[in-house]
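This report concerns only the one structure given below.
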Amino acid sequence: MQSSISLSLSSASPITVRSDGGANSAASGLFFSNTATPNQLRFCGLRREAFSGCKSSNNAVIFKQLRSKTKISAALSTNGNSAKGFDYDLVIIGAGVGGHGAALHAVEKGLKTAIIEGDVVGGTCVNRGCVPSKALLAVSGRMRELQNEHHMKSFGLQVAAAGYDRQGVADHAENLATKIRNNLTNSMKSLGVDILTGVGSVVGPQKVKYGKVGGTETVITAKNIIIATGSVPFVPKGVEVDGKTVITSDHALKLETVPEWIVIVGSGYIGLEFSDVYTALGSEVTFVEALDQLMPGFDPEIGKLAQRVLINPRKIDYHTGVFATKITPAKDGKPVRIELIDAKTKEPKDTLEVDAALIATGRAPFTNGLGLENVNVETQRGFIPVDERMRVIDSKGELVPNLYCIGDANGKMMLAHAASAQGISVVEQVSGKDHVLNHLSIPAACFTHPEISMVGLTEPQAREKAEKEGFEISIAKTSFKANTKALAENEGEGIAKMIYRPDNGEILGVHIFGMHAADLIHEASNAIALGTRIQDIKYAVHAHPTLSEVIDELFKSAKVRGKVSLVPPQPTFSLVLQWLKATFLVRLLSQLQCKLVSGQETVDLPQ
Amino acid sequence: MGDVYSAPRCSYPRLLRLTLFPFLYLSHFSPKSTIYLSLSISAMSSSLLQSRAPPALSFSSSISAANTHWRFTSSPAVTFTRRTKNFTVHAKIREIFMPALSSTMTEGKIVSWIKSEGDVLSKGESVVVVESDKADMDVETFYDGILAAIVVPEGESAPVGAPIGLLAETEAEIEEAKAKAASAGSSVPPTPAASAPSPPPPPAPVAAAPTPAAAPVAADGPRKIVSTPFAKKLAKQHKVDINKVVGTGPFGRITPADVEAAAGIKPEKVTAVPATAAPPAAAAAPAKSAPTFTEIPGATIVPFTTMQAAVSKNMIESLSVPTFRVGYPIITDALDALYEKVKPKGVTMTALLAKAAAMALVQHPVVNASCKDGKSFTYNSSINIAVAVAINGGLITPVLQDADKLDLYLLSQKWKELVEKARSKQLQPHEYNSGTFTLSNLGMFGVDRFDAILPPGQGAIMAVGASKPTAVADKNGYFSVKSQMLVNVTADHRIVYGADLAAFLKTFAKILQEPDTLTL
């Protein structure tokens, strides 16, 4: 089930191992981590403002005023003027989070920008992924807390039996998606980004057409094109999705039913988050995982602990090392049937009969009908091949000029905020500044209760890299049990783990499992993105008592042999250089003086 | 591990386990404390172990904390040199047993394996986290070696003394150890006989088998058994053979309610089903009790914590003891006056009652006795008063040891310490399981009288109600209002008879009504 997407991916590079997790989380993770990339810093404050609240039209006004006052380089707060001979400087196909991030940044850079959307603004993340799932998880977190009598009692609280109204929960998710979608649309409209409706495709170099399928189509020219068409849930062969009893994350997020017993195929981010939702709402869950252990893609130690907390004590069991070869929806009074075969021997192993099945086997790129053949590009398992600068590579292995692909469609790292960061990176390049995104600094999170988050390499990946490149790694760990705030919340379960180089203090990876882990990871991801070393960041002060002290402890417990580089070496070096230059100049000048004074011939270079 | 156990030279593990009790107890300092793991060596001679066993067998309650060095001296390495030659092949594979972390613990749950298969272990390293009925504890290895095989995976439970992993000394032995583990996984591990003085509940042997490392897959049989994930968990927890449960859920699947019915758990109406009658009940229950299990929409089912499970188990066991109850009114005006006097010195009512009970027990040793096998009296040499305390999510009975010998002030101080420890879950096993007589006081809630259940292994338990102003007529017919408290003692009638209990209560009442002796 995972096979076609994740397994093949994981062979490519350490980053793509993560991307299979990312594949899942495109639907489930992280929309609002605006701080993901360093070069976005200037931008995110304003954008958040544009998002928050529903009175975004008002906001937009403020936004414009602010910008015209503060931002001179962007010249205009509205869409830029078109380049010579082109309709647009930049056309983005797909108005998901990646396209949106790119569009906003492009306007800031003074580019005339259009965005083509064939479905709804916001893409998977906002409409069928991370955003509505966060609404469901917010409900499940509260249910879990209220149901845990022991937990409540330890606070001295008394709560009568907690219950829920399914439709109310579903409405919350739907309302949230609508609100965020409107915010997204308004933020682009207020900046003057042209939103073109219809299916977009490439007709040739720097040429795009859009329009209703079978209807009138318009061709426009653009100096640069970004493909950001995203992905759809991946449904393996033999699985019959009816949208009622056999569903994908698209259907599950509508929460039309809460089955008594549901099988979740795939135990990545999506599966894990849905298991959290379903068990909190009273369902029993059975995981079917093709790999030998649950939660592949997570750091093994974190996975183990997560399993201890998120799986074992809950109404969940699992089958690992098996493929679901055939899944038939419930009909004619028969339950959903799932046929399992051994992942290695391919022999039939078991048949499950349950009330529902959720297919969470990852996501497949949505790249059909993009007209890629017009520019001689062949997809690889649906993914559009790109280089490290997101430039599209054609079938001959050469770069296609002025064509870029970001987000799930390129499969580098299937996370909403990664797409946005890639989009910003592309805009930087087309506006004349070279930029390469460091994917190892992009955090990922799984919003279970408690949350899981990570950035950089896992321990096995780091060990492999260390062995290959001949350096040493060390591990530091801290526990939430020792954190005052966590204990005050009665949520002492959890650890933070850091993999680093003891010789120079470089952070290779950080993994957190515990309360608010998804919010805590950014200190580490920013450190990685900015190249901050442990010996420096450990002197940063954290408010007490906060959960962030878990990370503070983590940095402090690391044993780095390198000296504190609070005064970076470069300034000292340049000082010496300057001093040398100065003395040299003085010498030159005095020589010149001598020569001029002595009235000899013209100056030639000394030595 | 059946085959390993059946080998003649392998009759030692139980003995070795017994020798381990003292140090296990002593090192139990905190919920997260360190336990040295019991490892046996296949080549170890049982005779030698036997010679070591006797001093250790006195573990029950008399080990004093001064014996800390025990855990080091019990190293089997001493014995190892003797017979190594004979069994060179098996000499280096050691079994890691489920340690007994408390005397009430009959099985433990593997919370997590800190090490995984193939990891090199050095002496003193934490290997596995075990959840007992009281706490989670890191368990450390006593030997260097390689963790060759994990027999009981995380989340599974194993009876005390059952092998949970195999430790190989060199890489060469890993394969052999794995083979051992594999064969062990396929056969039913032995049930521990040593730790159960009373006959174990009959369904246990069937369900006690920890499933092998593979995922819990329902066995294919002639009849396809479909059970929900939570039903499976409950079945394991309550030791119900899921194959014998009749499913009443959709499509005939076994639901958690079916398992609970089979286990004899009835949320609404508790009928006393003796533990020995469980098998017929298991078969008959679904048909009979299914209607009472009509699911109420929105009901939530919260599985027991290990401590709650231990309470539940003890309560079921208590049903096999024939008990009777005798109540007694006690005038407490003098006691109350004394209490007011000594209260500023830190004396609590609990200490006063415990002291009085201990003093009465000195005169009536039979009430302090217990009946362990149904054939004899066991007269306990010390008077240890266990006092029931409600703590978060459970119930624990810290023990005031030698309550008759300590004075009131020491006793109060001791009690304060014990309660502190109980709250922070740091009680050492001998501090909660060595009681010979139990005191349970609900007077502070205004309860006037109640009835306590006799904990297995003790002779009597006293239930103390609140002291309330009551109109009392004296022998001359004059009424007066006096503070009166009702106590009710539940005792094991196999050893304590009505007259014994009445006499004990009379003494107890006399001590409380003339309480000056308490402060002596």
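Naming convention: chains lettered A, B, ... in sequence-line order (proteins, then strands); numbering from 1 in each chain. This structure is a prediction, so every number in the text was calculated from the model and none was measured.
Proximity to chain B (any heavy atom under 4.5 Å) is restricted, for Ile311(A), to the backbone atoms N, CA, C and O. Contacts between Asp355(A) and chain B at a heavy-atom distance below 4.5 Å involve backbone atoms as well as side-chain atoms.
In this structure, Tyr278(A) has no ring pair (Phe, Tyr, Trp, His ring centres under 6.0 Å) partners at least two apart in sequence or on a different chain. Shown here are the ring pair (Phe, Tyr, Trp, His ring centres under 6.0 Å) partners of His449(A), two or more places apart in sequence or in another chain: there are none.
Taking a cutoff of 4.0 Å between a charged side-chain nitrogen and a carboxylate oxygen, Asp276(A) and Arg144(A) qualify as a salt bridge.
When the options Lys236(B), Lys109(B), Lys233(B), Lys232(B) are evaluated for a salt bridge (charged side-chain N to carboxylate O under 4.0 Å, His left out) with Glu156(B), the one that passes is Lys236(B).
In terms of heavy-atom pairs under 4.5 Å with chain A, the best-connected choice from Val302(B), Leu234(B), Thr228(B) is Thr228(B).
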